[in-house]
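In what follows, a single structure is set out as structure tokens and then discussed.
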Amino acid sequence: MVGLSLAFVAFNKGLPLSIRSVFYPLFGDRAWGWLGHIIDILAVLSTLFGLATSLGLGAQQATSGINYLLGTDFGTAFQISVIGLVTCIAIFSVIRGIEGGVKVLSNVNLICAFILLLAVIVLTVSDSIPAVWFTLKAYAEQFVPLSNPFNRPDEDWMHSWTVFYWAWWISWSPFVGMFIARVSKGRTVREFLLVVIGLPTLLSLVWMGVFGNMAITQVIEKVGPLGQNGLTDISVTLFQVYEQLPFSSFISIISIALVLVFFITSSDSGSLVIDGITAGGKIDAPVPQRIFWATVEGMIAAVLLWVGGSQALQALQSGVVTTALPFSIMLILMCVALIKGLLSEYPFYKAQSKLQ
């Protein structure tokens, strides 16, 4: 939604690549005044807390993986140290910019993720293909019931999973949408929707089918810590599942590195987008400003983990849900603004069709 709206107003209407520009068809010149300031501030806050949640959960999972492999008992202080390390690398990346920093890390990230996926498919080849089909079938059957907010017998599941991930992705939408918009110049709306919705959905179904099936199989067959004890600590579950595979330690090390690089690329790309929003849509923001926002993201994640203590996950979830709620209202208004903007193009499209 955000990506299509931004791409339309920036490349079709020539407006700055900023969140406030999306609302120009709806609010006119008021989008450049105090109303636009509020819109951009909400987008920045939403992005900051969405990224902070990612950094916090990534630090938890990486720490749990290290503890599981080495038999150590590192706690919150070590998690904050991991956030500090990730933030330092992200700062170095944003200083180098998109081509020299963000793009390099992103390419490394995708290659490692693809290798990991292939390795798991090879090691579980007899289950992987049926698992993907099972996942497709299950999503088709359960998508609407699990999305229904009324008459739900599983309120705990809805709040801890459905609502949390819904809010998390809303908080990520400003910076992910802006990145998608920047690489979509010259595409049609049809091409945009097919690639942005279709391809990630397909890849996610394959990933969830392969990795989720390993866990489900172990639970059904009561194999390993997960199958025998159930889901006790979500941050360590991945490594418990790996324990039943050959080369489990090596795969766990690759996964820990991959988790960290994922959140490094999230932090540096998010910092660049926040720079653009706070700089009024400029692509090349000053380097000190990039450093500032990358540092702030790490500090928010560290504070949420520190204050949350043993309930750190709840603190992270509460933070992202709180900031995503006002931006969800903006998304609804964004739908109206986009429709209004697209309708303004219709007379030109109709005239062009007649000429052809």
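Small disclaimer: the values here were computed from a predicted structure and weren't measured.
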Can you give each donor-acceptor pair under 3.5 Å made by side-chain atoms of residues 185-194, sequence neighbours left out, with the distance rounded to 0.1 Å?
residue: T188; atom: OG1; partner: E191; partner atom: N; Å: 3.1
residue: E191; atom: OE1; partner: T188; partner atom: N; Å: 3.0

F23 CZ to K340 NZ distance, which is reported to the nearest 0.5 Å: 13.0 Å

Verdict with reasoning, S255 to L116, per side-chain contact (heavy atoms from CB on, under 4.5 Å): CA-CA 8 Å; S255 295; L116 177 63; 3.7 Å; yes

Closest non-hydrogen atom pair between A43 and P174, with its separation: O-CG, 4.0 Å

S5 side, atom OG; L342 side, atom CG - distance, nearest 0.5 Å: 8.0 Å

Q244 side-chain N/O to Q218 backbone N/O, donor-acceptor pair under 3.5 Å: no

Plane angle bin for F179 and F175 - parallel if under 30°, tilted between 30 and 60°, otherwise perpendicular: perpendicular

L205-L203 co-clustered via ILVMFWY side chain contacts under 4.5 Å: no

Spacing of W34 atom CH2 and I39 atom CD1 [to the nearest 0.5 Å]: 9.0 Å

Closest non-hydrogen atom pair, I83 against G298: CG2-O, 3.5 Å

Co-members of the apolar cluster containing L45 [side chain, <4.5 Å]: I41

Of all pairs that satisfy salt bridge (charged side-chain N to carboxylate O under 4.0 Å, His left out), the ones with a partner from residues 14-32, not counting sequence neighbours: R20-D40

Flag for K13-S344: side-chain donor and acceptor within less than 3.5 Å: yes

Common cluster, L338/F27, ILVMFWY with side-chain heavy-atom separation under 4.5 Å: yes

Minimum side-chain heavy-atom gap L6-V22 below 4.5 Å: yes

Closest heavy-atom pair and its distance - G58, V259: O-CG1, 3.7 Å

Donor-acceptor contact below 3.5 Å, side chain S252 vs main chain S248: yes

hydrophobic_cluster_shared for V261 and L117, side chain cutoff 4.5 Å: no

Side chain proximity check, I19 to M330, heavy atoms < 4.5 angstrom: yes

Residue pair V2 / L331, side-chain heavy-atom distance below 4.5 Å: yes

Where S328 and I170 come nearest, the two heavy atoms and their spacing: CB-CD1, 3.8 Å

Euclidean distance, T265 OG1 relative to I89 CD1, rounded to 0.5 Å: 11.5 Å

Beyond-backbone contact of M214 with L245, side-chain heavy atoms, under 4.5 angstrom: yes

Audit row: I251, L123, side-chain contact (heavy atoms from CB on, under 4.5 Å) steps and yes/no: CA-CA 11 Å; I251 295 175; L123 293 173; 3.6 Å; yes

Pairs meeting criterion ring-ring contact (aromatic ring centres under 6.0 Å, His included) with involvement of residues 208-247, two or more places apart: W207-F211

same_hphob_cluster(L238, F262) at 4.5 Å side-chain heavy-atom cutoff: yes

Close side-chain approach of S171 to F327, heavy-atom, < 4.5 Å: no

Shortest non-hydrogen separation from L15 to Y24 and the atoms involved: CD1-CB, 3.8 Å

Donor-acceptor contact present, side-chain T87 to main-chain T295, <3.5 Å: no

Cluster link F250 to L118, ILVMFWY, side chain under 4.5 Å: no

Partner set under side-chain hydrogen bond (donor to acceptor under 3.5 Å, both in side chains) for W172, not counting sequence neighbours: S54

Side chain S46, main chain L42, donor-acceptor under 3.5 Å: no

Interatomic distance, L333 atom CG to L26 atom CG [nearest 0.5 angstrom]: 6.5 Å

Atom pair CD1 (I264) and CG (L260), whose distance is rounded to the nearest 0.5 Å: 6.0 Å

Heavy atoms of other groups near M1 CE, more than 12 under 6.0 Å: yes

Nearest heavy atoms of V195 and P200, plus distance in Å: O-CD, 2.9 Å

Mind listing the side-chain donor-acceptor pairs of residues 62-74 below 3.5 Å, one per line with the distance, residues two or more places apart or on another chain?
residue: T63; atom: OG1; partner: A59; partner atom: O; Å: 2.7
residue: S64; atom: OG; partner: Q60; partner atom: O; Å: 2.9
residue: S64; atom: OG; partner: S235; partner atom: OG; Å: 2.6
residue: N67; atom: OD1; partner: T72; partner atom: OG1; Å: 2.8
residue: N67; atom: OD1; partner: F74; partner atom: N; Å: 2.9
residue: N67; atom: ND2; partner: T63; partner atom: O; Å: 3.4
residue: N67; atom: ND2; partner: F74; partner atom: O; Å: 3.0
residue: Y68; atom: OH; partner: E243; partner atom: OE1; Å: 2.3

Audit row: F292, I274, side-chain contact (heavy atoms from CB on, under 4.5 Å) steps and yes/no: CA-CA 10 Å; F292 171 77; I274 293 174; over 6 Å; no

